[in-house]
Structure formats: structure tokens, C-alpha cells
Undergrad: 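Questions regarding the structure given below will be posed in turn.
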Amino acid sequence: MTENDIATATGLPVHTWRRRHAAAFRARVPVVNPGERLRLYDEEQACAFMSGEHWPTGATADADDDTQWPTAVPQGAEHPDDLLTDKETGNVLGIRDATVRAYATTGYLPAGIERHGRTWWPRRTAEARRDAGDEHHATPGRKPGDPRNRALRPRHDPRVAEIAELTTQVPLTTADVVQRYGVSERTAQRLLAAARSDS
């Protein structure tokens with residue numbers, strides 16, 4: 001849950017919740033993504049705090065009740081449905097976060113899930129991509145929109161064949177091509193060179 005979600009659940013505007021309750025909440029409930037700008041909290045822990053319960057659920061208050069709770073999911077006990085940022089997905093794959101975004105654009109990695117203004121990838125997706133090596137999963141070939149499809153493609157210019165035909169009858173100069181087709185000198189040179197290579 002984000003702090004906006006928690007404020008909504010308590011029925012307060014987020015700025016009021018932050019002013020009145022955020023300090024106590026943050027002191028008790030650990031974030032699940034330390035170091036990130038968007039703080040995320042475990043939903044079960046957040047609900048326990050909002051309802052006045054203790055963590056783990058069913059624990060009783062003790063003398064050291066002001067300490068921060070332990071993380072909801074112990075290190076190494078990740079769930080396959082955990083949503084990962086591009087940086088976290090990159091850590092799983094051993095690549096940079098920019099490469100994760102590029103993989104998602106080209107279909108080498110699924111597009112991800114949009115939440116809270118960010119794109120997230122399920123842990124199982126990142127691990128499947130990591131374990132597959134060079135396999136492309138269900139994305140054989142390049143898809144429309146793939147940046148690798150943007151290479152220049154040869155274009156057929158009908159003037160080239162016409163100029164090649166004319167040069168067999170009479171030698172053409174750059175000036176002749178400029179006058180006949182109304183093109184620049186550079187374009188005329190290109191057309192003549194292409195006509196010579198075709199013949």
C-alpha cells in the first residue's frame with residue numbers, strides 16, 4: 001500500500017494523514033522498498049497498525065512497544081507475485097533499469113503493470129526471463145513498433161530506371177537531370193549514380 005492508499009483507508013486526505021499520523025506510522029511499520037521515492041508498505045501490517053493491533057498478528061504489547069516491527073516478508077522469502085520496479089527487475093536480471101524498459105518496449109520482457117504512475121513487473125516474470133536465457137518466450141520475430149525495425153530500407157525510385165534507359169541513348173549530365181526532373185544537383189548526382197549501378 002502507498003501512503004495515499006493508507007490515508008484513503010483511514011478516511012483522511014493524504015496531507016492531513018501525513019501531518020497527524022505519518023510519523024508514528026513510519027516509526028512502527030517498515031517500508032518494503034527502502035530507498036525508493038514512492039514508499040510502499042505491506043498491506044497486512046498497515047491494516048494492523050490502523051486497527052490498533054500488534055505485529056505479528058496476535059502478539060501482545062511489551063515494554064519495548066515503540067520499536068519498529070520486523071519486515072512482513074523475511075529476506076529471501078520473496079513471493080512470485082511481488083511487483084518489482086524497473087530497478088528491482090534489473091537486479092534480478094543483472095542488467096540496468098534502462099535495459100529493462102527497453103526489453104519491455106521490444107517484447108523481450110512483458111510490458112508490465114501500471115500502478116501508482118509507475119510500471120511494475122511480477123517477480124515470476126523477471127525470474128522466467130532470467131532463466132530462459134536467449135529464448136524469446138512467446139515473441140518470435142520482431143513486432144510492429146520494435147525499434148530494431150527502424151533501419152533504413154531501400155526505396156525504389158522510378159526515375160532511376162528512366163534515367164538508365166535515357167543514358168543508353170544519349171549521355172546525360174547532372175545539369176540535364178536537374179533540368180529534366182526539377183531536382184537539386186545532389187539529387188541529380190544520386191539518381192545518375194543509381195542509374196549507372198543498375199545498368
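Counting from 1, the numbers follow the sequence of the chain as shown.
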Undergrad: Please determine whether the number of non-hydrogen atoms from other residues, nucleotides or ligands lying under 6.0 Å from atom CZ of R115 exceeds 12.
TA: no
Undergrad: Let me check something: do V29 and M50 share a hydrophobic cluster, defined by ILVMFWY side-chain heavy atoms less than 4.5 Å apart, either directly or through other members?
TA: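 Per the 4.5 Å side-chain linkage, V29 and M50 are co-clustered.
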Undergrad: Kindly indicate, with the supporting measurements, whether the criterion side chain to side chain contact (heavy atoms under 4.5 Å, CB included) is fulfilled by W120 and T85.
TA: CA-CA 5 Å; W120 307 82; T85 64; 3.3 Å; yes
Undergrad: When clusters are formed from ILVMFWY side-chain contacts under 4.5 Å, directly or step by step, what else is grouped with L84?
TA: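 Its cluster mates, by chain and number, are V92.
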Undergrad: For residues 160-183, which residue pairs qualify under salt bridge (charged side-chain N to carboxylate O under 4.0 Å, His left out), counting only residues two or more places apart or in two chains?
TA: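 Only E162-R180 qualify under salt bridge (charged side-chain N to carboxylate O under 4.0 Å, His left out).
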Undergrad: Can you spot which of T89, L109, V100, I95 makes a side chain to side chain contact (heavy atoms under 4.5 Å, CB included) with R129?
TA: L109
Undergrad: Would you indicate whether Q189, at its atom CD, is surrounded by more than 12 heavy atoms from other residues, nucleotides or ligands within a distance under 6.0 Å?
TA: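 Yes - once you tally the heavy atoms of other residues, nucleotides and ligands closer than 6.0 Å, there are more than 12.
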Undergrad: Got a second to check how far L40's CG is from E3's CD, nearest 0.5 Å?
TA: 9.5 Å
Undergrad: For Y181 and L166, which heavy atoms make the closest approach, and how far apart are they?
TA: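 Looking at all heavy atoms of both residues, the closest pair is OH-CD1, 4.2 Å.
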Undergrad: Tell me which donor-acceptor pairs under 3.5 Å the side chains of residues 4-14 have, and how far apart each pair is, sequence neighbours excluded?
TA:
| from | atom 1 | to | atom 2 | distance (Å) |
| --- | --- | --- | --- | --- |
| D5 | OD2 | T2 | N | 3.1 |
| D5 | OD2 | T2 | OG1 | 3.1 |
| T8 | OG1 | N4 | O | 2.9 |
| T10 | OG1 | I6 | O | 3.4 |
| T10 | OG1 | A7 | O | 2.8 |

Undergrad: Do R123 and E88 meet the salt-bridge criterion of a basic N to acidic O distance under 4.0 Å?
TA: no
Undergrad: Using the test ring-ring contact (aromatic ring centres under 6.0 Å, His included), find all partners of F49 that sit at least two apart in sequence or belong to another chain.
TA: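 If we apply the ring-ring contact (aromatic ring centres under 6.0 Å, His included) test to F49, skipping adjacent residues, the hits are F25.
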Undergrad: Give the intermediate values and the outcome of side chain to side chain contact (heavy atoms under 4.5 Å, CB included) for residues L191 and T187.
TA: CA-CA 6 Å; L191 290 170; T187 301; 4.1 Å; yes
Undergrad: Please report the interatomic distance CZ(R130) to OG1(T125), rounded to the nearest 0.5 Å.
TA: 12.0 Å
Undergrad: What pair of heavy atoms forms the shortest contact from I113 to P122, and how long is it?
TA: CD1-CG, 4.0 Å
Undergrad: So how far is it from Q45 CD to R28 CZ, rounded to the nearest 0.5 Å?
TA: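 Rounded to the nearest 0.5 Å, the CD-CZ separation comes out at 11.0 Å.
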Undergrad: Which residues satisfy the side-chain hydrogen bond (donor to acceptor under 3.5 Å, both in side chains) test with E114, sequence neighbours excluded?
TA: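 With neighbours one apart ignored, the set is T119.
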Undergrad: List the residues meeting salt bridge (Lys or Arg N to Asp or Glu O under 4.0 Å) with R118, not counting sequence neighbours, and say none if there are none.
TA: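 With sequence neighbours excluded, R118 shows a salt bridge (Lys or Arg N to Asp or Glu O under 4.0 Å) to E36, D86, given in chain and number order.
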Undergrad: Tell me the closest heavy-atom pair linking A104 and W121, and the distance in Å.
TA: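 For A104 and W121, the tightest heavy-atom pair comes out as CB-CZ2, 3.8 Å.
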Undergrad: Nearest 0.5 Å please: distance from the CD atom of E53 over to the CD atom of E44.
TA: 9.0 Å
Undergrad: Can any side-chain N or O of T167 pair as donor or acceptor with the backbone N or O of I163 at less than 3.5 Å?
TA: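 A pair under 3.5 Å: yes.
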Undergrad: Quick one, R26 with R18, criterion side chain to side chain contact (heavy atoms under 4.5 Å, CB included). Give me CA distance, side-chain angles, the key distance, then yes/no.
TA: CA-CA 10 Å; R26 290 174 187 163; R18 283 188 176 139; 4.1 Å; yes
